Structure formats: C-alpha cells, structure tokens
Trainee: 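Structure in structure tokens, see below.
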Amino acid sequence: MPRLGMVIDLKKCAACYACVAACKTEHATPPGVFWCRVVKHESGSFPAVRRIALPLGCMHCADPPCEKTCPTGATRKRGDGIVHVNYDECMGCRACMIACPYEARYFLAEIRPYYDGQGLTEYERIGYAANGYVEGTVTKCNFCMERVDAGKEPACVANCPGRARYFGDLDDPASEVSRLIRDKRGFQLHPEFGTNPSVYYLPA
Amino acid sequence: MRTAIAGGFEKTPISPGRVVSERAGTRFEAQSQWRFLILVAFFTGGFGAGLYIASWALDFSPGMILALFMVAVIKGGAHIAYLGRPERFWRALKRPRTSWISRGIISMGVFVTAGALYATFKAPALGWIAVGAAVMVMAYTGYLMAFSPSIPFWNNALLPVLFLAYSAESGTALAIPLYTAFSGARVEMLEIVEVILLVLVTLIIFSYLYGAYHSSVPAREAVDLLVRGRLAPGFFLSVLLLGLLLPIALELLPGIGAISLNASWFAALLCIQGAISFRWAVLRAGVYAPAGY
C-alpha cells in the first residue's frame, strides 16, 4: 500500500490562491471553511526583505493525533495514509480540533448560505449534499480522496498554475515526491510535534 | 531549512483562532473551542469525584450522593450540551484504546454505576471500584489536555497530576464542613489532609508553570499571559491568593481542629472558586503554536 503525500515548492508558489479556489470549487465548502489556505509573511527589513507564501491544509500525518483522540472513530486513516472524517459518525466534540497542530479542522456549527437572506443557491444545495456535510460535525481536507480513487490528482495539485504542488507515493523512493524531498531538502512543518506529516515543503 | 519559514506567518482571516498576543512577528492564538461548558464539565467531574472519595473515606452517604449527582447530571449534561450532535453521544464509548474522551466517559459510567450500587448495598468491593473510577474521572481531563501537541502549555506531564491533586483538594474542602454540618462531629484528619493538599497544589502549580515557561515559545507565551498578561489579575487573586493561600491561613491560624464551621464553609467556597478559576485560566491560556511560526 502506498503512503500518499504532497510536496509544495515554496519557491514556485506565487500565492495566487488558485489552490484555495480549486478546493472550494471541488468540495463546495460552506462559508468560513477553508480546507486549503495560503498565509503570507513579510520578514526582514529594507533592503533585505522577503515575502513568503505558505500554503496550509491538513498534513495527513502518518501518526495523526486527531485520529487517536477521536472517541467515535469518525476520524480515520486509510491504508494509503489519507486521514478523513466520516460525518455520519462524528458527534462534534471537537477534540480533534484541539489536538491538530496545524489548525486544519473546522467545526460546522451551521451550514450557512453564501448570500445571507437568499437561502442556498442551486450550486450550494447540490454541493453540500454531494459532499455530505452534516451540521454539528467537524470537517477537513481529505486529499480529494474521491479524485485519488479515480486515479486523478487532488484539485489543488491539478489547478496550481505554477506547478508548485506535487502528489505521489512517499514510500516509493523512485516517485517524484520522494526524489524532490531527497534532492531539494524537503522539510515538514513542525516535525517536533512527532506527527510525521505527509506534506513536505521545498525551501523558498 | 527552518530559517526559510522562521519569523512567523501572518494569519489570514480564515484562520480559526483568535490572536491573543504577538511577539517577534509571531502571532499567538488561543484555542476557542473549549470554553464555558467544557469548564463546567471538567470542574464538576474532578470536584465531584474528589468529594466522593473524601465522603467515602468518612462513610458519609449524603456527600457521596451529592458527588454522584454532580458527575452524572451536571458533568454529563454539560458534555452532552456541548456536542455538535448530542444524539450521537453514545459513540464516545467506541475508542477507549486510544481516546482519553472514551476512557473518561467509560470511567464516568463505572463511577456512577458502582457509586450508586455502593450507596444502596454498601458492599465494600463496589466502594473500591467507585473510588478507582473516581480517581480516573479526576485525572483523565488532564491526560486529555496533555495529549494535545498543538497547545504546548497543556502538553505537559504535570497537568494530569495537577488536575488530580486539585480535584482531591476541592472535593475534600467541601466534604469537611458538609460532614460537620450533618453529623456535628469534627474531622481533624481530613483537615490535615486538606492543608497538605493545598500546599501540594501550590507547589505543583509553581512547578507546572516553571516547566512550561522553560519548554517552548508558545508555552512561555501562555505562562506570560497567566502571570503578566491579561489573565494575571484573575490568576493571582482568584487562584493563588483567595483559592490557595487564604484557605491555608484559615485552616492553620486557629490550629488544626479548631476552625469554626462558618470559617470552614468559607474556606470551602474559596477553594471551590479557586479550582474553577484555575481550570478557566488554563483553558484560556491554551495558546497554539501557529502553523507557520
């Protein structure tokens, strides 16, 4: 069984938010819910100033604290390493949100429409139903497992115009992701938490 | 490699937390998920279990019944009210192998069942089972919080010990005047235990904060919030002065066994408010290590 993972090249990321938009489109996430997000930072002082964009999302940790702390078994790790939430089993205790070091989870207190007072649009109604969102549960990135199961890349990878994202098998030393991590000094965010994230970054 | 992302990242408005402080370009956010209802549940669970053990030691049935009520009704009710899908609460029993919530809920069930049976039949074995489960109820919230790598201030081995000691202390504090009011008898031994627990809790709090301050940047930020930041007035006044030091003085100044019933009630109220304030302060100081710091 492969261990699916992602590599994000910070040098190529232009902070265009195409991954954020692609994720929103693919999963029709309700207002305020961003499975994929990009944070920007300026560091240093003139003339040595740098601006870095950091795409963030679920790290699909090999040793996920969210899965261990979940009392219902709603959060599961598949054999290929994808960590996902079963909305029909989640009871909304939010222990996983507390345990996640990457702030990748969102609580769906209520599924609101994007346009207040106008109800759900047709797109929202179909999108919410297709994705099975349930009020009072927790939601997060699932590495587009429905696309992965169909042999496609996650939406954020497929739609990145700068080709800053790579997706593949971390356990296969010949895969592109393994080669990039090895050759370009790929690193994980907060390895000190000991969760062994499956998302790696290449230095900016 | 880490230098490429050092210095902190600006959190976009889509970040779920709330900024509580900023240091060297890094913005720290406090957890916003566990608040009032969780405070009620955590406090009444520990306090009730502590009261049960003290009452069991005195063979004091009203105290045991009050404790069972607190754990079963108030703690249980607060947990269920907090859930996003309360009708699925029973699913929390499914993962005791890895989840502290599952272990805690199972402990609650064993405690309430064995406690109620012991109150009815007075079989010693049931009493011991209830006491064992009560210890688990007192400590599991500390283990649950200490499991969170995301909040380094909580991710500390002393937290379960502190919660256990605080629960025993606050429960004992109430058991003393309650028993005296019902039976008219003094419980000098329990007063000595209470003073020891008060001193022990004070020492553990100091060790906990000292260890956290020297462990990591977010944990240091949390300690700063407690001792120098906006939580400091409440922490020093409610937790340390009124919740620990004044009760110690009330117990010791007249001499063990000489405290009046009214002063004993007053000391118990001070201890209880101190235990609530401490848990509230720890929940509020739960500062995340931002993902990009």
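Keep in mind it's a predicted model, so treat the numbers as computed, not measured. To find a chain, count down the sequence lines: A is the first, B the second, and so on, and within it residues start at 1.
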Trainee: Among Ala95(A), Cys70(A), Cys66(A), which residue forms the greatest number of heavy-atom pairs with chain B at distances under 4.5 Å?
Mentor: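 Of the options given, most contacts go to Cys70(A).
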Trainee: Please check if atom OH in Tyr210(B) has more than 12 non-hydrogen atoms from other residues, nucleotides or ligands closer than 6.0 Å.
Mentor: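 Incorrect, the count does not exceed 12.
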Trainee: With side-chain contact (heavy atoms from CB on, under 4.5 Å) as the criterion, how do Ile98(A) and Trp154(B) come out once you've worked through the C-alpha distance, each side chain's angles and the decisive distance to 0.1 Å?
Mentor: CA-CA 11 Å; Ile98(A) 295 286; Trp154(B) 295 356; 3.7 Å; yes
Trainee: Would you say Phe147(B) and Pro65(A) make side-chain contact, with heavy atoms under 4.5 Å?
Mentor: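 SC-SC contact between Phe147(B) and Pro65(A) confirmed.
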Trainee: Does atom OH of Tyr133(A) have more than 12 heavy-atom neighbours from other groups under 6.0 Å away?
Mentor: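 Yes.
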Trainee: Is atom CZ of Phe36(B) surrounded by more than 12 heavy atoms (other residues, nucleotides or ligands) closer than 6.0 Å?
Mentor: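 Incorrect, the count does not exceed 12.
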Trainee: Counting C-beta onward and ignoring hydrogens, is there a side-chain heavy-atom pair between Arg95(B) and Glu67(A) closer than 4.5 Å?
Mentor: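 Side chain of Arg95(B) against side chain of Glu67(A), heavy atoms only: contact under 4.5 Å found.
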Trainee: I want to check something: taking the side chain as every heavy atom from C-beta on, are Ile101(B) and Cys93(A) in contact at a cut-off of under 4.5 Å?
Mentor: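 A side-chain contact exists here, since the closest heavy-atom pair is under 4.5 Å.
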Trainee: If only atom types and distance count, is the side chain of Arg94(A) paired as donor or acceptor with the main-chain N or O of Leu83(B) below 3.5 Å?
Mentor: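 Between the backbone of Leu83(B) and the side chain of Arg94(A) there is no qualifying donor-acceptor contact (under 3.5 Å).
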Trainee: Heavy-atom pairs under 4.5 Å with chain A are the metric here; pick the option from Lys94(B), Arg88(B), Arg103(B) that has the most.
Mentor: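 Looking at each of Lys94(B), Arg88(B), Arg103(B) in turn, Arg88(B) comes out on top.
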Trainee: Is any side-chain heavy atom of Trp90(B) less than 4.5 Å from a side-chain heavy atom of Met91(A)?
Mentor: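 The answer is no; the side chains never approach within 4.5 Å.
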Trainee: Between Glu135(A) and Arg85(B) (salt bridge meaning N to carboxylate O under 4.0 Å), is one present in this structure?
Mentor: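 The answer is no: the pair does not qualify as a salt bridge.
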Trainee: Heavy atoms only, distances under 4.5 angstrom: which of Pro96(B), Ser148(B), Pro149(B) has the most pairs with chain A? Name it, please.
Mentor: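 Greatest number of close heavy-atom pairs with chain A: Pro149(B).
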Trainee: Check whether any side-chain heavy atom of Glu89(A) lies under 4.5 Å from a side-chain heavy atom of Arg91(B), and answer yes or no.
Mentor: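 Side-chain contact under 4.5 Å: yes.
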Trainee: Please report the shortest heavy-atom distance between Pro71(A) and Ser102(B), naming the atom on each side.
Mentor: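 The pair with the smallest heavy-atom distance is O-OG, 3.2 Å.
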Trainee: Report which part of Tyr201(A) has an atom under 4.5 Å of a heavy atom belonging to chain B: side chain, backbone, both, or neither.
Mentor: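 The answer is neither part of Tyr201(A).
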Trainee: Do other residues, nucleotides or ligands put more than 12 heavy atoms under 6.0 Å from the CZ atom of Arg182(A)?
Mentor: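 Yes, because the 6.0 Å sphere around CZ of Arg182(A) holds more than 12 heavy atoms from other groups.
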Trainee: Evaluate the side-chain proximity of Thr69(A) to Trp100(B): yes if any heavy-atom separation is below 4.5 Å, no if none is.
Mentor: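 Sidechains of Thr69(A) and Trp100(B): no contact.
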Trainee: Please check if atom OH in Tyr87(A) has more than 12 non-hydrogen atoms from other residues, nucleotides or ligands closer than 6.0 Å.
Mentor: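 Yes.
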Trainee: By a 4.5 Å heavy-atom criterion (distance strictly below it), what part of Leu144(B) contacts chain A: side chain, backbone, both, or neither?
Mentor: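 Interface part for Leu144(B): side chain.
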Trainee: Determine, stepwise, if the pair Gln31(B) / Met97(A) fulfils side-chain contact (heavy atoms from CB on, under 4.5 Å).
Mentor: CA-CA 9 Å; Gln31(B) 67 84 18; Met97(A) 295 178 72; over 6 Å; no
Trainee: Can you confirm whether more than 12 heavy atoms, excluding those of Lys11(A), are under 6.0 Å from its NZ atom?
Mentor: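 Counting other residues, nucleotides and ligands, NZ of Lys11(A) stays at 12 neighbours or fewer.
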Trainee: Please check: side-chain N/O of Thr98(B) versus main-chain N/O of Lys68(A), any donor-acceptor pairing under 3.5 Å?
Mentor: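 Checking the backbone N and O of Lys68(A) against the side chain of Thr98(B), a donor-acceptor pair under 3.5 Å is found.
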